[in-house]
Every structure is written in C-alpha cells, then in structure tokens.
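So the structure is just underneath, and the comments pick up after that.
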Amino acid sequence: MENFINIFVQSIFIDNMIFAYFLGMCSYLAVSKSVKTANGLGIAVTFVLLITVPVNYLLNQYVLSEGALKWASQSLGGIDLSFLSFIVFIAVIAWIVQVVEMVVEKFAPALYNQLGIFLPLIAVNCAIMGASLFMQQRVGDEYHSFSDILAFALGSGIGWWLAIVGIAAIREKMKYSNVPKPLRGLGISFMITGLMAIAFMSFMGIKLIN
Amino acid sequence: MSNFKNGLKIFTAPFNSGNPVTVLVLGICSALAVTVKLQPALVMALSVTIVTGFSNLIISFLRNTIPNSIRIIVQLLVIATLVILVNEILKAYVYDVSKQLSVYVGLIITNCILMGRLEAFALGNKPIPSFIDGIANGMGYGVILVVVAFFRELFGSGTLLGIKIIPESWYVVVDKSTGYIAEGSGFYLNNGLVILPPMALIIVGCIIWVHRSINKDLQDK
C-alpha cells in the first residue's frame, strides 16, 4: 500500500508527463483554450491510460519480453519478441481507444457527449504511448507488481490532467493581459508552460521509491 | 519547369510559413526532450526525416487501394514498421545515442507530424511530391531541434557536439581552502538551468517570438 501511494505521488508531481517529459504536448497546447474542454480531455486521457498501461504490462510480461513465453511451453523460453513492442503497443492503444469509445457511447451517453471528439484523438497522444514505453523501461527496477503499474498509470493520467487544467485556466485569464503581438497564442503558452515546469521542479530530488 | 517550381514550393514551405513545430504545433513532445545535447538532436532529426519521407512515399503508393474506413490503422502500421527499423539500426550503429534517446525513438510513432502529413498530403498526391513533402517536413522539424540543442549545449555545457567551445581559462575556479573564488580565475559559469526541461520550452517560445516578429502574417489577432 505504501508503495502504491509513493508511486502515485511520484508520477503526479515529480515525473509529471508534461513538465518533466513533455509528453502529450500537441493536444496540451491545442485543447487548452478553455477549462471546460481541457477538463474533458484530462478525464479521457486518465481513463485511457488506466486501461492501456496495465494491458500493455500484461502483454509485455507474458508475451513480448525475453523468456516471457515460458508459461506456454518450456521450448519457447528462449524467444525474445521485444523488438515487436512498438507495433504491439500502438495496435493495443488504437484498439482500446476504439472499444472504449463504443462502450462509453452505449453505456454512458452523457460522458460520451462530454468527451466527444477527444476520444479518437487520444490514440495518437504521445502521453499514452509514452506511458507504455516508460512502463516497459522501468518494470523490474522500479515497478514490481501489478498494483505498482496501476499506481503509475493513474498518477500519470492525473498529473497530465492537472497540467492541462492549470494552463487552460491561465490562458483564460491571459486574454485580458497585454501580451506582445508576436508572442500571442502559441509563444506565450510555451513560456508559461516553462514557468509552470520551473514551479514543479521544486518537487525534484524527492525520492519516494526505494 | 512548372513541375520543378512546384517541387521547390513543396520543399521550402516547411522551413518558413508551414514549419511543423512553430506554426502547425506538431511533434513538440520529442522536439523538447532530446535537445539537451546536439548529437542526439541531430540523430533524432535524421530519424524523423527518414520516417516521414518513406511513410509518405509508401502511403502515397497505396493511396488508391486503402479503404477509407481503416486508413488510420494502415498508416499506424506503416509508421510503426519504419520506426522499428530505425530503432534497430540505431541500436546497431550508434548504441550510446540510442540509449540517450530511450523512449523517444518509439515515440516517433505518435509524432503528430507523421500522421498530419499523411492525412494532409500523401493521401491526395503522387508519390514523388509526397516524398519531397515528407523529407522537407522532417527537415523543418530538424532545424528547430538543432537550433534549440545548439543553445542548450553551448550555454549549458560549454560544448558543441562534445567539443569544448568556451575556453577553460574563462571559468570561475573556487579555491577549496577559503571557499571563495580563486584569485586570477575567470568570470564564466555554465548555466545549469538551460539543461533542465523548462528552458527547452522557453527557448522554443523565443524562437516563435523571433519567427513571428519577422513573418507578421503568422501573428494571432
């Protein structure tokens, strides 16, 4: 339980997807003009991360990594399929996004209307693919169990959500300020994100995972 | 002749009014993370250029046979295959750089420049112009990467491509016994902030600022 909370807090604040790794910047800058839509996208990303990362973890543990196929038969123990991981991960993500879209449309139409156009866009959001790749890289040294992976997925999603809602709120207020003309829009958003990242850097150096 | 002019127009657009990073806001994730040093930035720029060029070429050849409803998954598969090839080649020939780039090689798959160019250009154009468009967009992205990496490496580490640029005699030396600056030492220190992630964002912001001051058509109202 302690480990779960440590990884959860670490992935929200210290290893924040946006401020430490710049993942998902494209949609972060494109969909952060109002808090309401930013909120919708944040929920969608968290939701999809929470499903795709554990599924990719299971695939990595039982199919892709070296010697993972031992459970099927002893003779398959020497096979290393890790070079296939990019293509498998992206296929899983595209497939899950599609399934999630159908399920949400059928069973939660209100949520579907809120998420609307964002769900299909998530398939090519770097944060989703990035989380799966980081999971693959860290599994074994930092993350040891399924609950660690769940904590990482949930924490990364919430960290991303926090970041996009934060910048959207600042951009809404920025409409009333006198920004130099060439900086308006994109330029100033980059700089504000940089300043927010400096603020988040105060969490750096705190080590929660042993 | 008009063919040549057309090709030239396709080729030059990504360097100015159609730059994928500063104007179209595509592919920023990796643009920021791999720019601490110049060498990984160059390798990344080259990899992306190759993948954009060849994925545009392949999809353009296939454009009349791909059913519209499954085109996204076909595009993703073509891109993922090319990225796996690039990753294996990097691992074989420049292992150190491939370790530094870590997950960001894999993230070329979800780099929006690729899907963006496939959807916007390759699906509706002949193979040769598509190939030029892909290469040019990869290079337009690479230029930004190299500029950011240039400033970050020069001011953050005082080197370029690992070669010392700022002379050793300029550096401040601290006298260990007193804890003060030693007499007769230099006046310069590397800027540690430039190496950290936030500065990448601020440098890109500055590039956009300069670009939009020169090219006034791009400014927001």
Side-chain angles (χ1 to χ4, degrees), chain A residues 16-30 83-91 93-95 98 120-121 123-138 179-201 204, chain B residues 21-35 72-73 75-77 79-81 83-85 87-88 91 102-116 193 196-216 218-221:
Chain A
N16 188 291
M17 278 284 176
I18 297 258
F19 299 128
Y21 299 115
F22 314 110
L23 295 178
M25 285 295 282
C26 309
S27 32
Y28 169 82
L29 288 167
F83 69 95
L84 280 178
S85 53
F86 292 166
I87 210 163
V88 170
F89 287 174
I90 195 71
I93 289 166
W95 164 65
Q98 199 88 79
L121 277 179
V124 285
N125 187 325
C126 329
I128 311 288
M129 182 71 177
S132 287
L133 292 174
F134 274 127
M135 174 276 295
Q136 190 191 28
Q137 205 179 49
R138 292 176 189 164
V179 179
K181 252 200 174 141
L183 264 181
R184 264 178 215 173
L186 193 56
I188 195 73
S189 309
F190 266 106
M191 292 193 178
I192 297 281
T193 312
L195 295 176
M196 286 167 80
I198 292 178
F200 265 69
M201 263 170 51
M204 244 168 53
Chain B
V21 179
T22 59
V23 181
L24 305 177
V25 212
L26 298 174
I28 297 163
C29 326
S30 53
L32 298 168
V34 300
T35 50
I72 302 238
I73 203 95
Q75 289 165 1
L76 276 177
L77 286 180
I79 295 169
T81 313
V83 172
I84 289 175
L85 286 177
N87 189 34
E88 296 290 312
K91 267 190 196 155
S102 69
V103 299
Y104 292 98
V105 179
L107 286 173
I108 297 176
I109 297 172
T110 49
N111 192 322
C112 337
I113 295 175
L114 291 159
M115 288 292 259
L193 187 63
L196 295 170
M199 266 326 264
L201 291 159
I202 293 175
I203 292 175
V204 174
C206 292
I207 293 175
I208 292 171
W209 192 358
V210 172
H211 186 203
R212 293 195 177 178
S213 309
I214 299 167
N215 196 337
K216 293 209 162 51
L218 300 172
Q219 290 177 6
D220 283 13
K221 294 286 142 12

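Within every chain, numbering begins at 1; the chains are lettered A, B, ... in the order of the sequence lines, protein sequences first and strands thereafter.
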With a 4.5 angstrom heavy-atom cut-off, which part of A:I198 approaches chain B: side chain, backbone, both or neither?
both

Contacting moiety of A:M196, where chain B heavy atoms sit under 4.5 Å
neither

Which value, rounded to the nearest 0.5 Å, describes the distance between A:F86 atom CZ and B:T110 atom OG1?
10.5 Å

What distance do B:I207 atom CD1 and A:F190 atom CZ have between them, rounded to the nearest 0.5 Å?
9.5 Å

If I measure from the heavy atoms of chain A, does B:I202 come under 4.5 Å with its side chain, its backbone, both, or neither?
both

State, yes or no, whether a side-chain contact exists between A:L183 and B:R212 at a heavy-atom distance under 4.5 Å.
no

So which of B:L196, B:V210, B:T81, B:I73 has the biggest tally of heavy-atom pairs under 4.5 Å with chain A?
B:L196

Name all residues meeting the side chain to side chain donor-acceptor pair (under 3.5 Å) criterion together with B:Y104; count only those two or more places apart in sequence or in a different chain, and write none if there are none.
none

Heavy atoms of B:I84 and A:F83 approach each other most closely as CD1-O, 3.6 Å

Side chain to side chain contact (heavy atoms under 4.5 Å, CB included) between B:L201 and A:M191, intermediate numbers included:
CA-CA 6 Å; B:L201 291 159; A:M191 292 193 178; over 6 Å; no

Of the backbone (N, CA, C, O) and the side chain (C-beta and beyond), which part of A:A20 lies under 4.5 Å from a heavy atom of chain B, both, or neither?
backbone

If you count heavy-atom pairs under 4.5 Å with chain A, which of B:A200, B:P197, B:A80, B:P198 comes out on top?
B:P198

Chain A contact via B:N87 - which portion, at a heavy-atom distance below 4.5 Å
side chain

Side chain, backbone, both or neither: which part of A:F200 has a non-hydrogen atom closer than 4.5 Å to chain B?
neither

Between B:I214, B:I208, B:L114, the one whose heavy-atom pairs under 4.5 Å with chain A are most numerous
B:I208

